[in-house]
Amino acid sequence: MTVAAESAASLVQSVDWVAIAPPTIAAVVGLVVLVADLFVADGRKAVLGWISVAGLVAAALSLLPLLDDDRSTFCLTGGGTHACSYTADRFTLVIQLLVLGGALLAALLSMSTLKDAEGSKGELPAGEFWFLLLSSAAGAALLPASRDLATLIVALEVASLPAFALVGLKRGDKRSSEAALKFFLSSVTATAVSLLGVSFVYASTGTLHLTEIATELQDVDGQLHTLAQTGVALTLVGFAFKVAAVPFHFWVPDTYVGAPLPVAAYLSVVGKAVGFTGLILVTVVAFPSYADVWGPAIAVLAALTMTAGNVAALRQQSTRAYSAVRLLAWSSVGQAGYLLVPIAAAGYADDNADAQKAIGSTVAYALMYAAVNLGAFAVAALVGRTRRLNRISDYRGLYARSPFAALVLGFFLLCLAGLPPGIIGLFAKVTVFSAVVDAGLGWLAVVMAVNVVIALFYYLQWTALLFRASEGEPVKHRVPAPLTVAITLTAVLGVALSGAPQLVLRFADTGLF
């Protein structure tokens, strides 16, 4: 065989359809919903929601055949190298389960929100909404499997671009439009900076595959060393924005308030999972030789992020409009700081085993945070059906109006605070503390401990308000079935994990190395 023929043969791709099934199913169902919207009568748009929910369930179930072994596709095999653009390993499956599960719960929340908005000024177009949600979920499911920078950036934007539209989808709502514009402009700027960084990394190494970049960066020509360092720094900026790390966090509160509440819940969990996954892949897999640069940088970002988020959440006034959503938004910024801590610890790891343990701590914390934060947003959506301004003071006496909702919200807040009976929250925080102490970052452990104490105040203050005497006669309202299912699922998951928290860490053993 000639050299040209061998080169051509190396470019022939065999697609592993089973490996790529999760994001593919979500994308295909999104297209089906968009087309079906043209033929479904206005009074029967709810069927589009059920199709979307079924599609997300099918995408999650398609992970089962992938449990037995790692699978890769879109691989280059010529020239003595074997680099793949898509890998379905344990790390991929754990994150895909997180994002698809988060999207499924957000879809259940959305069904009642879309129905309540029918005929109102802020009506949401059902077909476009479900198409955008499924498209974003497809990108989010693609990102953890991406093993080259081009696929990583494409997946990041496929997850992000529909989210901009979802935030601004309320018709005639100026607050929604303003939130979408802020989100869009800041995100596009961060993406442009990241793309510049990727181009610098490619110019320095001559490859886009993460494992090959890791090898090439160890022997970069002296004249290209500054270019490589700049590329590494700029590439990380985009992912710092996606996780709402300080100083790239300013878009969060206004975006969460302006967006439909299920979209805010989706961004708080799936959006963060996308950012943290990308950050893990580019730091630990692609840039391990620059750990002495990104390790301290992420440690400082973690300290600033958790402090800014918790202090801002502490300052929320209970009678201010949308203060409950703003508190959850600032709380999510603080939680992002905790999630950054083990990634910083991985930069100080002595070997792959220690780095793997640190990354497992981040994934374990993300799994806990996803379940309880979605549950908190679900209860906020329930209260928001009758109290449109969704103030913290509106939750006073919630136990008298809806005992189950009050109990589960109290449980979720205690989980986020890391207090019993929210054992899973306590376990997750102890895991993160262990990672940072093992890495020798004593100062960061102290900063985290101080922030945990700050967070205790506003979480406990909100929890106590749920069980105080209600002002006026409590009025009970019927809860839609999808919203009931979402609240119940998150409550069951939180209680189950609190009963066996060790399962989270075992499940989060990602096998990334």
Side-chain angles (χ1 to χ4, degrees), residues 106 108-110 112-117 120-122 124 170 173 175-176 179 252-268 310 312-334 372-417 455-480 482-484 486-488 490-491:
L108 290 171
L109 295 180
S110 302
S112 58
T113 300
L114 264 66
K115 186 175 181 180
D116 291 341
S120 66
K121 183 180 178 181
L124 297 168
K170 287 184 182 179
D173 191 324
R175 189 174 58 252
S176 177
V252 173
D254 289 340
T255 298
Y256 282 24
V257 169
L261 207 53
V263 176
Y266 176 84
L267 291 175
S268 74
N310 286 319
L314 185 65
R315 296 181 61 189
Q316 294 304 306
Q317 299 176 359
S318 62
T319 56
R320 182 185 179 185
Y322 308 105
S323 56
V325 180
R326 286 187 177 276
L327 190 148
L328 287 174
W330 284 114
S331 166
S332 74
V333 174
V372 300
N373 206 60
L374 281 168
F377 268 102
V379 178
L382 171 63
V383 174
R385 298 183 75 239
T386 54
R387 309 292 176 95
R388 298 294 181 184
L389 294 181
N390 221 323
R391 298 167 297 196
I392 296 174
S393 58
D394 292 333
Y395 291 76
R396 182 186 180 103
L398 181 61
Y399 182 76
R401 305 194 301 271
S402 179
F404 177 68
L407 288 172
V408 296
L409 178 58
F411 174 72
F412 294 142
L413 293 175
L414 291 176
C415 284
L416 289 171
L456 284 177
F457 183 81
Y458 63 80
Y459 284 132
L460 290 177
Q461 190 177 45
W462 193 358
T463 303
L465 196 65
L466 302 174
F467 302 96
R468 288 184 182 175
S470 179
E471 296 179 350
E473 193 69 24
V475 179
K476 296 185 178 182
H477 299 274
R478 187 180 66 85
V479 183
L483 191 53
T484 302
I487 294 173
T488 303
T490 51

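Heavy-atom basis, side chains included; hydrogens, waters and symmetry copies ignored.
- Ring-plane geometry between Phe377 and Tyr256 is classed as perpendicular, the angle between the planes exceeding 60 degrees on a 0 to 90 degree scale with a lower cut at 30.
- Contact between Asn310 and Ala455 at its shortest, heavy atoms only, is OD1-CB, 3.7 Å.
- Of all heavy-atom pairs between Asp254 and Arg326, the closest is OD1-NH2, 3.3 Å.
- Atoms CG and OG, from Leu483 and Ser110 in turn, are 10.5 Å apart once rounded to the nearest 0.5 Å.
- To the nearest 0.5 angstrom, Arg396 atom CZ is 9.5 Å from Ser318 atom OG.
- Contact between Ser331 and Ala313 at its shortest, heavy atoms only, is N-CB, 4.2 Å.
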Review point. Would Tyr399 and Leu407 count as a side chain to side chain contact (heavy atoms under 4.5 Å, CB included) if you check the C-alpha gap in whole Å, the side-chain angles of each, and the deciding distance to 0.1 Å?
Key: CA-CA 7 Å; Tyr399 182 76; Leu407 288 172; 4.0 Å; yes
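- Taking CG of Leu374 as the reference point, atom CZ of Phe412 lies at 9.0 Å (rounded to 0.5 Å).
- One distance of note links CG of Leu409 with CG of Leu382; it measures 10.0 Å at 0.5 Å rounding.
- Heavy atoms of other residues, nucleotides or ligands lying less than 6.0 angstrom from OH of Tyr322 number more than 12.
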**Study point:** Audit row: Leu414, Leu460, side chain to side chain contact (heavy atoms under 4.5 Å, CB included) steps and yes/no
**Key:** CA-CA 7 Å; Leu414 291 176; Leu460 290 177; 3.7 Å; yes
Check your understanding: Does the pair Phe404 and Thr484 meet the rule for a side chain to side chain contact (heavy atoms under 4.5 Å, CB included), with working shown?
Key -> CA-CA 10 Å; Phe404 177 68; Thr484 302; 5.7 Å; no
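- Using a 4.5 Å heavy-atom threshold, the side chains of Val408 and Thr490 count as separate.
- Counting all heavy atoms, side chain and backbone alike, Leu466 lies closest to Ala406 at CD1-O, 3.5 Å.
- Of the inter-residue distances, the one linking Leu465 atom CG with Leu398 atom CG reads 9.5 Å to the nearest 0.5 angstrom.
- In this structure, the side chains of Gln316 and Tyr458 stay at 4.5 Å or more apart for every pair of heavy atoms.
- When all heavy atoms of Thr113 and Pro262 are compared, the closest pair comes out as OG1-CG, 3.2 Å.
- Listed by chain and residue number, Tyr266 satisfy the side chain to side chain contact (heavy atoms under 4.5 Å, CB included) test with Ala106 (two or more places apart in sequence, or in another chain).
- For the pair Tyr395 and Asn390, the minimum side-chain heavy-atom distance is below 4.5 Å.
- In this structure Ser268 satisfies the side-chain hydrogen bond (donor to acceptor under 3.5 Å, both in side chains) test together with Asn373, sequence neighbours excluded.
- Side chain of Asp394 to main chain of Leu389: no donor-acceptor pair is present (N/O by atom type, distance under 3.5 Å, no hydrogens or angles).
- A distance of 10.0 Å separates CG of Leu327 from OG of Ser332, quoted to the nearest 0.5 Å.
- Listed here is the closest heavy atom pair of Ala486 and Leu108: CB-CB, 4.1 Å.
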